[in-house]
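Data block below; observations after.
Just follow the structure's listing: the first ligand is 1, and inside any ligand the first atom is 1. Owing to the predicted nature of the structure, the values given are computational and were not obtained by experimental measurement.
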Amino acid sequence: MDIHWHRRDLRVADNTALSRASEPLPVFILDDGVLEHASPVRVSFLLDALRSLREDYRALGGDLVVERGDPREVLRRLADEHGADTVVWNRDYSPLARERDDEVGEALRNSDVGTRTFADGVLHEPDEIFTNAGDPYSVFTYYHRKWEEREKDEPRDKPDEVRNPAVGGIPTVDELGFDSPEPDAPEGGTGTARELLNGFLSDGVYVYDEARDYPARGCTSRLSPHLKFGTVGVREVWEKTQSAKEDAEDDEERESVEEFQAQLAWREFYTQVLYHNPSVVTENYKTYENRIDWRNDEDEIRAWKQGETGYPIVDAGMRQLLDEGYVHNRIRMVVASFLTKDLLVDWRVGYGWFREKLVDHDTANDNGGWQWAASTGTDAQPYFRIFNPMTQGERYDPDGEYIKRYVPELRDVPADSIHTWHELGDEERDEAAPGYPAPIVDHSERREEALSMFEEARGDD
Ligand code: FAD
């Protein structure tokens, strides 16, 4: 019999290692090394997912072992207690996870317990797609072309037989020493993931292309934390979107499904960028001639984190993050651009805040997103393309619906005043929304400063 070690694959359906294991004993280990980097919103999502995974195992006549400790010790002990020959798991590609997995594998093999690992969390692993010269891709468009052409595996079968061991309880967020999560934080678990996926495929996917940039329309899948924790299998998502494509009524709908599938490719693109360049976690991917001389003003950073910059679309995004542990993609781009190009703050500060607050924080995607916005990433936004936060708000939230949802001070303010907030006089602002701040910086001035900062870094004369 085999032990199946669950990590970022908290499901029984479409799970590669689990489907290949013999009479699996499923185990999840609350690893103190991982909990050290966790946050309430993600721990809460994880515990929901464990409860739901346990229910899924019980429906198959089995159960899930939940332990706390060092995986090397726990897995060795469980293998001994249950007479397991092998521990199987699905591969994780981030630098810390790879390091941990190497250590666990070595400890098990030293105790005469075999290990087998499988590809599962992505459709194509980081060492599968290279340029014709054999190098990893650094430009998405070319990577995507090859990614798209490759055949995709079908979802895996559920296991026929699982063990029904004596199991430990699943702790609460409190028992693990974390504060309660944000009140509107997303819920974990395979049932929620399936509901989201099916709901999205029944209509959202067909308008995704034209509506995905409009945060008030809420038409994206909201699957990011589920893909991160593996409460949905990526092959299942792919297969179902392929069926949606076949059912599409016209080219527009077909292209819309393809646009969604391209986001899955972005996820795998950033996974392979991180895999081949682990230093990007802390270093710029793109090197400039000189160091970028970030300003890093503490008061401005504080205002950004709390959603009090006086730029309504930025503040709405930052408050969505505080309330829900989630931010819409277009708005992530806007707030990241604002931090790096208007406040001239090092992207690592923003990345650190997102890592603390996001339910879907994923090293590869988060890092990729931040370095893109900061013009330091692979095929990043060029340094001279700087979002105007007022225009972004006007274009993508014309009625101010998203802004008003998260910035209650602006609920009674007409949309055109919201989108010209920077042009109003202090008296007008005080009258319209007394508790809401004036812009903390002047976008036009800061834009010029950002250009100079990058030109200096580039070594331009
Ligand atoms: P959908 O639009 O429904 O997309 C489907 C899935 O594709 C997502 O769930 C996600 O897994 C993937 N995806 C979508 N957009 C991207 C993208 N640009 N890059 C990589 N994968 C993508 N995504 C994360 O999963 N974790 C992060 O920590 C993260 N941090 C980000 C930070 C910044 C500064 C930026 C600009 C983007 C970040 N993203 C991150 C990407 C993107 O914003 C989220 O994946 C998306 O908003 C999640 O919502 P959704 O599931 O409804 O997405």
Who's closest to atom 45 (O) of ligand 1 heavy-atom-wise, of Ala373, Ala374, Ser224? Ser224
Ligand 1 atoms nearer than 4.0 angstrom to some heavy atom of Leu358 are 28 (O), 30 (N)
Going by the order shown, which atoms of ligand 1 are within less than 4.0 Å of some heavy atom of Tyr208? 1 (P), 2 (O), 4 (O)
Distance filter under 4.0 Å to Arg267 heavy atoms, resulting ligand 1 atoms: 11 (O), 20 (C), 21 (N)
Show me which atoms of ligand 1 lie under 4.0 Å from any heavy atom of Met333. 36 (C)
What about the rings of Phe130 and His276, do their centers lie closer together than 6.0 Å? yes
Here the atoms of ligand 1 under 4.0 Å from any heavy atom belonging to Arg222 are 50 (P), 51 (O), 52 (O)
ring-ring contact (aromatic ring centres under 6.0 Å, His included) with Trp147: which of Trp266, Tyr142, Trp238, Phe140? Trp238
Indicate, as side chain, backbone, both or neither, the part of Trp372 found under 4.0 angstrom from ligand 1 when only non-hydrogen atoms are considered. neither
Any atoms of ligand 1 less than 4.0 Å from a non-hydrogen atom of Asp362? List them with their elements. 26 (N), 27 (C), 28 (O)
Any N or O of Tyr270 closer than 3.5 Å to N or O of ligand 1: no
Decide whether an N or O pair under 3.5 Å exists between Leu223 and ligand 1. yes
Tell me whether the NZ or CZ atom of Arg222 lies within the 45° cone about the ring axis of Tyr326 and under 6.0 Å from its centre. yes
Going by the 4.0 angstrom heavy-atom rule, the piece of Thr220 near ligand 1 is both
Show which atoms of ligand 1 fall inside a sub-4.0 Å distance from at least one heavy-atom site of Tyr326. 47 (O), 48 (C), 49 (O), 50 (P), 52 (O)
Tell me, which protein residue and heavy-atom name are nearest atom 43 (O) of ligand 1, and how many Å apart are they? Asn329 OD1, 2.7 Å
